[in-house]
Each structure stands twice: as structure tokens, then as C-alpha cells.
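This report refers to the structure that appears directly beneath it.
Naming convention: chains lettered A, B, ... in sequence-line order (proteins, then strands); numbering from 1 in each chain. Note that this is a predicted model, so its numbers are computed, not measured.
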2 protein chains.
Amino acid sequence: MKIQLALDRLTISDAIRLTEQVRDYVDWIEVGTSLIKEFGVASIKAMKEAFPEKVIVADCKTIDNAKYEFEMCYEAGADIATVMGVSPAATLQTCEATAKKYEKQMMIDLLNVSEERKKSLLIYQNAIFCDHVSKDEQEIQGLKNESNGSQSTLKSSGVRWTVAGGITFDPIERLKKLNPTAVIIGSAITKADQPSAAAARFRELIGGTPYGNVR
Amino acid sequence: MKIQLALDRLTISDAIRLTEQVRDYVDWIEVGTSLIKEFGVASIKAMKEAFPEKVIVADCKTIDNAKYEFEMCYEAGADIATVMGVSPAATLQTCEATAKKYEKQMMIDLLNVSEERKKSLLIYQNAIFCDHVSKDEQEIQGLKNESNGSQSTLKSSGVRWTVAGGITFDPIERLKKLNPTAVIIGSAITKADQPSAAAARFRELIGGTPYGNVR
């Protein structure tokens, strides 16, 4: 189980400084949507340049203009780019084709996707899926990513999948049993008093050593 | 019926140069998602500084982190910011509250929204709705924004609404009868041999003079 560090609501330089503190404990580095929309593709380039050994996830949340956006992210150094599961089929298919062309990865964000549709999205067998409770659902509705049917479906389907949304230390033991490809952790590290201590604790709980590939 | 010029797949300086050629013929200027993701919020600032008399639409396509993204767009000079209709309720509610706080506007993008959900979104009576056929649906599936039930529903509901997706000269007569608040035109102007001539022709067909407010 890898650790994907989600970087949001930060400047690029703060994101770099923070990641330097925790790079020995995390596997994948996510350039959050807020960094991309605030600073553009420069945010992806800067993170790949600073952390060339890491898998860089560009959380571009594509929902249209798939070829342009995915090429932009991959050209900037992203290894994985994200597309919304609520996108039209034309968009998902284009993301898949673009990922294949670049020999890179697509992550399908399942935010607000119906259970029925989640199953139909499993045709994208080469994708990484993200079971995602959004920031707004967390902050406004108090939701957290808890045990749910989607996680069992993803696990049994044999695809690569990740979990995101308010992940703290508490659910780690449960998640280890489900063994997703990665667990996505944001503010529990980035807003900790001591980010490096928090990241080290996650690594200790999860086990393994960061080695940065996409499998 | 206003003309919203959609600027996509351009550098900021090309977007400014192009808009200078057509500013006398169009009402609202949309900073496209591709500009925001490629160049960040600087793209919104640059367009507002260059065209302070125009209504600036930031097509941020928010689907999470609504307060942060909408504040970022409004602080950069946007008069209207967009949110996806497929977003969770928490996101749509936060966009509405942020628009109200800033005394600015939200546009709900109906891309890939079911007919049933479209009706339920009409509770956002102060929003501007966008009946939208996406770039990928146009370019891959050959779809165009044609006469459809949603447009009748939007018209009869009394909300402000717009139409987007492959709009050329052909549908203008039909759209004039429906009289949406704005028609969103991208490549039919931006990729025309003579953008100013194309924009002038749209203005002639649509009538009126650009005056730039959000009503």
C-alpha cells in the first residue's frame, strides 16, 4: 500500500518545502487541483523537477478537452493524470488513449459517481480508480472516507485503486486489510504540526518503503 | 441575447490579441478551462486587466474545493465562475454562498447532467445555467448543441441560461427564438480566418450591441 501525498492550497514553493520534509516516507506526490488551477502547469513541472524520483500525480480533474489536458500534464512530467468518472464516455476514452500513447497512467476519480456507474467504469481495466469523498463533502457535510461497498467492489475486481478523503491514522488498519494500491493523504500530513513526524507515523503504520513506481 | 466568447487552447497573449480584434462585437469573455489549467489564475487577472469593461467568465469547472476556487476566481477579477452540475450538493451550495458573498455570479455547467437532475438543479434560481455539449463529445462523437428538451425547460423556468458547444452561424436563428441569456461561441470566432469578421457577423445575426452586464 503506497502513500500518495496530496498537496493542496499551498504555493508551489511551500509545496516543495513541505515535500522535502516528507519525501523519505511517501511514494506518490499529488499536485492538487488547487495548485494546477492557481499556478497552472508550472506547478506540475516544478514538482517533477524537484522530485524526479517520485511518481507525480497531476490531479487535473479532467471532465472535457481530455487530449489537450492529459498531454499537457504528461508533457509537464506527470506520471498519472486524473479524469472525473462523471465525464462523458468520449472524455474517458480519450484519456485512456492518451495515457496509452504516452505510456503513462490515468486515474479515474469516482467522486459523486453512482454505484451503478462505478461498475460500468470497470471496463477501463488499465486505469487506477480513486474512491473519493470530496473536500466539500468532508468540510460541509462532515463525511469521511469510511468502509463502503465501492471499496469491496474495487478490491474484488482486480483493478488498481486508491482511497481519498479525510484519511487520518484511524482507518489505516482497516485499509491495510483491503490493501488498495495507494492511500491518499492530504491535510493529516500537510497541516500537521510536524509534517515529517506525521508522514513517518503513516509509513510506520502502513509498512514498506517508498519506491515510487506506479504498480 | 449576449455573445460569450470562449477562449481556449491559446496562450494568454494570443487570447488578449484575439479579444482585442473582436471586443466591439462580443459581450462576455470566457477564460477557458484550458487557459486556467495551463497558466493558472494569472490568465483571469490578465483578461480582466486587458478588458475591464467586459464581464469575465472564469470557466474553472469547479467540482470540489468550491470556496477556495470561487474566491480565487472572483479575487482575480472574474464576474462569473463555473461549477459542474454533476458536483455534490455541498459544492453547489458553497458556490452559491460564495457568489452571494462576493455579489458575483455562478454558472452551472450542465455537461453530462441527467434530465432529471437538471430539473432538480433549478433550485439554484440565481445561477446562470449552461446547456453544454462538450468539446470531446463534439470532436469524437460529432455531437452539436441542437434543439433539445433542456433548452425548453430552461426557457420556461425563468432562469438565466446559456448554450455552448460547436455553435456556428447555422443555429443562431433558432436560438434567437429561444432567447437564452447568452450564446457561447468559441472556435467559430477564434479559429476563423478573420476572427473580427466572424464576430461581426455573429453580432449582426444576433442583433443588439455589447454592453457587458450580467443580466
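- From A/Arg9, atom CZ reaches atom NZ of B/Lys67 across 8.5 Å, with rounding to the nearest 0.5 Å.
- Neither the backbone nor the side chain of A/Leu35 comes within less than 4.5 Å of any heavy atom of chain B.
- Counting heavy-atom neighbours within 6.0 Å of B/Glu71 CD, excluding the residue itself, gives a total above 12.
- Shown here is A/Glu115, whose CD atom has more than 12 heavy atoms of other residues, nucleotides or ligands within 6.0 Å.
- Counting heavy-atom pairs under 4.5 Å between each of B/Val41, B/Val113, B/Asn112, B/Ile140 and chain A puts B/Asn112 at the top.
- Looking at A/Lys37, its side chain never comes within 3.5 Å of a backbone N or O of B/Gly40 through a donor-acceptor pair.
- Of the atoms belonging to B/Gln141, it is side-chain heavy atoms, and not backbone ones, that fall under 4.5 Å from chain A.
- Under the 4.5 Å side-chain criterion, counting only non-hydrogen atoms from C-beta, B/Glu69 is in contact with A/Thr33.
- B/Lys135 approaches A/Asp64 most closely through the heavy-atom pair N-OD2, 2.9 Å.
- At a 4.5 Å heavy-atom cutoff, the contact between A/Tyr68 and chain B is made by side-chain atoms alone.
- Considering only heavy-atom pairs separated by less than 4.5 Å from chain B, the leading option among A/Asp109, A/Ile63, A/Thr94 is A/Ile63.
- Residues of residues 82-91 of chain B that come closer than 4.5 Å to chain A, counting heavy atoms only, are B/Met84, B/Val86, B/Ser87, B/Pro88, B/Ala90, B/Thr91, ordered by residue number.
- You'll find the side chain of A/Gln93 stays beyond 4.5 Å of the side chain of B/Asp136, heavy atoms only.
- Of the atoms belonging to A/Glu38, heavy atoms from both backbone and side chain fall under 4.5 Å from chain B.
- Heavy-atom neighbours of B/Gln125 CD from other residues, nucleotides or ligands within 6.0 Å: above the threshold of 12.
- Contact of B/Ile44 with chain A is not made at all, since no heavy-atom distance falls under 4.5 Å.
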